[in-house]
Amino acid sequence: MEQPKNNLKIVTDKKARMILPNTITLIGVCIGLSSIKFAIDGQFALAVIAILFAGLMDALDGRIARLIKGTSKMGKELDSLGDVISFGVAPAFIMFFWNLQYLNKLGWLICLIYVICVALRLARFNVNSNEEPSWKDNFFEGVPAPAGGIVVLIPLMFSFSGLDKIYFNINYDLAVPTFFILTSILLISTIPTYSFKKITIPRRTTIFLLFGIVLFFGLLLIYTFKVLTLSAFIYLSLIPISYFHFKKINKNKAVNEKENEELEDIL
């Protein structure tokens with residue numbers, strides 16, 4: 001006699017697919033909070049590395065959610081809250097304990113302004129992400145929170161790289177507040193920056209891409225803070241390039257739309 005099938009499920013298939021990306025998001029939050037603990041203990045190198053791993057978790061959770069079709073409104077809000085902690089609160093505390101505490105109340109005010117700008121940037125992103133996708137998906141409006149959390153750590157990474165003792169004589173009491181103010185402005189600005197979400201790699205160049213990735217991570221293991229500092233400065237140099245690239249695409253699209261309208265009027 002055939003036994004009846006048991007269709008009882010603890011969670012639905014949709015909710016089961018949501019568990020993995022949300023778990024990755026929460027792991028990133030724990031890593032971000034741990035970076036604060038490292039900073040309190042004076043282990044600033046570990047604090048920076050923890051922020052990098054939090055950024056890796058942030059990059060993975062959304063992509064995995066889309067891959068397994070596990071996206072949800074809860075995951076979206078959880079990701080934003082996690083970003084405020086990992087790339088807003090945590091970098092602010094790290095830099096406060098490293099340098100800004102010596103500026104007393106002014107240093108704390110700078111930290112507060114930065115965290116508020118991160119929150120405002122994420123709130124704007126959540127609102128704008130409801131719009132229909134287009135070619136503009138290749139660009140962010142302003143610097144994204146994870147990138148801002150790395151950029152604001154540049155003075156700390158630069159000091160650990162040893163480059164400041166060889167090539168430069170840096171006044172960190174001036175450099176740290178400057179980077180905080182600069183990053184805060186970039187976060188809430190409307191400057192188009194590359195999102196790197198839709199990158200098409202020709203098949204014939206795949207092997208060179210894999211070689212480049214392996215080479216990058218190999219150098220990262222050997223010259224960790226030198227590579228991180230250089231990468232952060234390269235990202236900053238890409239901002240004006242992305243701005244002019246966006247303007248060019250936008251102008252070409254406007255011209256094409258105008259030509260199409262004129263053609264429709266003629267027909």
Side-chain angles (χ1 to χ4, degrees), residues 24-61 77-126 142-161 164 170-189 220 224-225 227-229 231-233 235-236:
I24 294 175
T25 301
L26 292 175
I27 291 174
V29 173
C30 292
I31 296 174
L33 288 171
S34 298
S35 70
I36 300 177
K37 178 63 168 58
F38 291 139
I40 294 174
D41 294 339
Q43 298 176 308
F44 296 106
L46 290 177
V48 173
I49 293 173
I51 294 296
L52 294 176
F53 274 101
L56 179 62
M57 295 297 104
D58 181 72
L60 288 176
D61 58 6
E77 299 301 326
L78 185 62
D79 184 68
S80 293
L81 291 173
D83 286 353
V84 172
I85 294 173
S86 298
F87 310 113
V89 176
F93 269 106
I94 292 171
M95 298 304 287
F96 179 80
F97 288 124
W98 183 65
N99 179 274
L100 289 176
Q101 61 177 320
Y102 303 114
L103 298 179
N104 299 320
K105 295 180 180 179
L106 178 60
W108 184 243
L109 176 62
I110 293 173
C111 290
L112 293 178
I113 292 173
Y114 168 74
V115 175
I116 289 172
C117 288
V118 171
L120 291 174
R121 192 261 176 271
L122 290 167
R124 184 180 63 188
F125 174 78
N126 286 345
V143 170
I150 301 298
V151 170
V152 83
L153 295 174
I154 285 179
L156 177 57
M157 295 188 298
F158 193 73
S159 69
F160 279 113
S161 69
D164 58 336
I170 303 296
N171 181 0
Y172 287 106
D173 292 336
L174 178 62
V176 173
T178 300
F179 267 91
F180 261 82
I181 295 171
L182 173 64
T183 307
S184 299
I185 294 173
L186 289 174
L187 284 165
I188 61 175
S189 70
L220 187 62
T224 304
F225 289 101
V227 173
L228 290 176
T229 303
S231 300
F233 278 116
Y235 176 79
L236 287 177

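Residues take their numbers from the sequence shown, with the count starting at 1.
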Residue pair Ile188 / Arg124: nearest heavy atoms and the distance that separates them: O-NH1, 3.0 Å
Audit row: Tyr235, Val143, side-chain contact (heavy atoms from CB on, under 4.5 Å) steps and yes/no: CA-CA 10 Å; Tyr235 176 79; Val143 170; 3.8 Å; yes
Report yes if some heavy atom in the side chain of Ile154 is under 4.5 Å from a heavy atom in the side chain of Leu236; otherwise report no. yes
Within a strict 4.5 Å, meaning less than it, do heavy atoms of the Phe233 and Thr229 side chains meet? yes
Could you pull out the closest heavy-atom pair between Val152 and Met95, with the gap in Å? O-CE, 3.7 Å
Is the count of non-hydrogen atoms from other residues, nucleotides or ligands lying under 6.0 Å from Phe97 atom CZ greater than 12? yes
Closest non-hydrogen atoms of Val115 and Gly88, given as atom of the first, atom of the second and distance, are CG2-O, 3.6 Å
Drop me the distance from Asp58's CG to Ile31's CD1, to the nearest 0.5 angstrom. 11.0 Å
Could you grab the distance from atom CD1 of Ile110 to atom OH of Tyr114, nearest 0.5 Å is fine? 13.5 Å
Out of the candidates Pro91, Pro146, Ser34, only one should pair with Ile51 under the side-chain contact (heavy atoms from CB on, under 4.5 Å) rule; please name it. Pro91
OG (Ser159) and CH2 (Trp98) are apart, to the nearest 0.5 Å, by 4.0 Å
Any Phe158 side-chain heavy atom under 4.5 Å of Pro155 side chain: no
dist Thr183:OG1 -> Phe87:CZ (nearest 0.5 Å) comes out at 14.0 Å
Smallest separation among heavy atoms of Met57 and Ile27, with atom names: SD-CG2, 4.1 Å
Closest non-hydrogen atom pair between Met157 and Leu228, with its separation: SD-CB, 3.7 Å
Worked check of side-chain contact (heavy atoms from CB on, under 4.5 Å) between Phe53 and Ile49: CA-CA 6 Å; Phe53 274 101; Ile49 293 173; 3.5 Å; yes
To the nearest 0.5 Å, tell me how far Asp79 CG sits from Asp61 CG. 4.5 Å
Kindly indicate, with the supporting measurements, whether the criterion side-chain contact (heavy atoms from CB on, under 4.5 Å) is fulfilled by Val118 and Leu187. CA-CA 6 Å; Val118 171; Leu187 284 165; 3.6 Å; yes
With a 4.5 Å limit on heavy-atom distance, are the side chains of Leu26 and Cys30 in contact? no
Could you tell me the separation between the CZ atom of Phe180 and the CG atom of Leu112, rounded to the nearest 0.5 Å? 10.5 Å
Minimal heavy-atom distance between Ser86 and Gly28, with the atoms involved, is OG-O, 3.3 Å
